[in-house]
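Below is one structure, written out as structure tokens; comments come after it.
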Amino acid sequence: MLKAKDIMTKECITLTPDTDIATAARLLIDRKINGAPVIDEDGRVVGVLCQADLVAQQKKITLPSFFTLLDGVFPLSSHEDLEREITKISALKVGDAMTPKPTSVTPETGIDDIATMMANKKLYTLPVIENGQLVGVVGKEDVLKTLLQG
């Protein structure tokens, strides 16, 4: 069975939290990639920026819903969720728009597990981590290419 190390892109494009959004968007579009890992100054993966994160910047803010009970007003969503949404929409830097603490895989993760994660969690850019360091990226196209090989 194929594993992440067999299908991953080893020479992957990375971003930093301080990269500006316009530069990141241009990079994703020019390279025709769905997303890129975001690494800190120590080389650790701290997030992933996907095209979906950039599209989210164009959406309207979802105002929280409230309900009343005995003359009290209670929000149905948390204040933190609204703050996070506003931060993402107004982001000027990758660090504010990225998905933090991304799901990652190891070089030994099987393609069936990768496909399951992608389908169930709607993740299309998975960093491949070995010994705490980024060694590659598996994207949805990497998985789809295996269909052509079979």
Side-chain angles (χ1 to χ4, degrees), residues 1-65 76-150:
M1 173 184 294
L2 290 174
K3 298 180 179 180
K5 66 183 178 186
D6 302 318
I7 64 170
M8 71 184 186
T9 302
K10 293 178 182 95
E11 308 266 331
C12 52
I13 304 299
T14 60
L15 301 166
T16 67
D18 292 328
T19 304
D20 67 271
I21 290 296
T23 301
R26 185 168 320 289
L27 188 64
L28 296 181
I29 291 167
D30 290 349
R31 298 295 180 100
K32 296 177 175 55
I33 55 177
N34 182 58
V38 181
I39 57 170
D40 66 11
E41 57 276 352
D42 297 324
R44 291 178 305 208
V45 176
V46 294
V48 169
L49 182 76
C50 293
Q51 290 179 2
D53 295 318
L54 298 174
V55 170
Q57 287 199 295
Q58 304 305 315
K59 74 176 194 164
K60 294 178 183 176
I61 294 175
T62 307
L63 295 176
S65 299
L76 292 175
S77 60
S78 75
H79 181 68
E80 292 84 24
D81 290 342
L82 179 61
E83 266 186 39
R84 195 170 21 252
E85 187 174 355
I86 290 171
T87 298
K88 197 166 201 137
I89 289 172
S90 62
L92 298 175
K93 300 286 184 188
V94 167
D96 293 326
M98 70 182 186
T99 300
K101 300 177 189 159
T103 299
S104 62
V105 296
T106 70
E108 296 299 318
T109 304
I111 192 169
D112 55 340
D113 290 331
I114 292 169
T116 301
M117 278 187 247
M118 287 182 169
N120 290 348
K121 297 181 181 180
K122 294 181 175 51
L123 302 171
Y124 305 115
T125 303
L126 294 172
V128 183
I129 309 283
E130 186 172 42
N131 299 321
Q133 294 296 311
L134 180 69
V135 294
V137 173
V138 175
K140 65 182 176 181
E141 287 187 8
D142 298 318
V143 175
L144 292 175
K145 286 176 189 173
T146 64
L147 294 173
L148 301 175
Q149 297 170 355

Exercise answer: donor-acceptor pairs, residues 113-124 side-chain atoms, under 3.5 Å, sequence neighbours excluded:
{"from": "T116", "atom 1": "OG1", "to": "D112", "atom 2": "O", "distance (Å)": "2.8"}

For S104, the side chain to side chain donor-acceptor pair (under 3.5 Å) test, sequence neighbours excluded, returns none

Table please: side-chain donor-acceptor pairs of residues 2-9 below 3.5 Å, with sequence neighbours left out.
{"from": "K3", "atom 1": "NZ", "to": "E108", "atom 2": "OE1", "distance (Å)": "2.9"}
{"from": "K5", "atom 1": "NZ", "to": "E108", "atom 2": "OE2", "distance (Å)": "2.8"}
{"from": "D6", "atom 1": "OD2", "to": "K3", "atom 2": "N", "distance (Å)": "2.9"}

Contact between T99 and C50 at the side-chain level, heavy atoms closer than 4.5 Å - yes or no?
no

According to side chain to side chain donor-acceptor pair (under 3.5 Å), who are the partners of T106, at least two apart in sequence or on a separate chain?
T109

Return the NZ to CG distance between K140 and L126, rounded to the nearest 0.5 Å.
12.0 Å

Among all residues two or more places apart in sequence or in another chain, which pass the side chain to side chain donor-acceptor pair (under 3.5 Å) test with D42?
R44

Can you tell me how far the CG atom of L92 sits from the OG1 atom of T19, to the nearest 0.5 Å?
13.0 Å

Would you check if N34 and E141 make a side-chain contact, meaning some heavy-atom pair closer than 4.5 Å?
no

Between the CG atom in L49 and the CD1 atom in I13, the distance rounded to the nearest 0.5 Å is 13.0 Å

Looking only at heavy atoms, which two atoms of T125 and P127 are closest? And how far apart?
O-CD, 3.7 Å

Shortest non-hydrogen contact between V138 and V143, atoms and distance:
CG1-CG2, 4.1 Å

If a pair satisfies salt bridge (Lys or Arg N to Asp or Glu O under 4.0 Å) and one of its residues is in residues 14-32, list it, with sequence neighbours excluded.
none

Please walk me through it: do T16 and V94 pass side chain to side chain contact (heavy atoms under 4.5 Å, CB included)?
CA-CA 7 Å; T16 67; V94 167; over 6 Å; no

Sorted by chain and residue number, the side-chain contact (heavy atoms from CB on, under 4.5 Å) partners of E130 (sequence neighbours excluded) come out as P107, V135

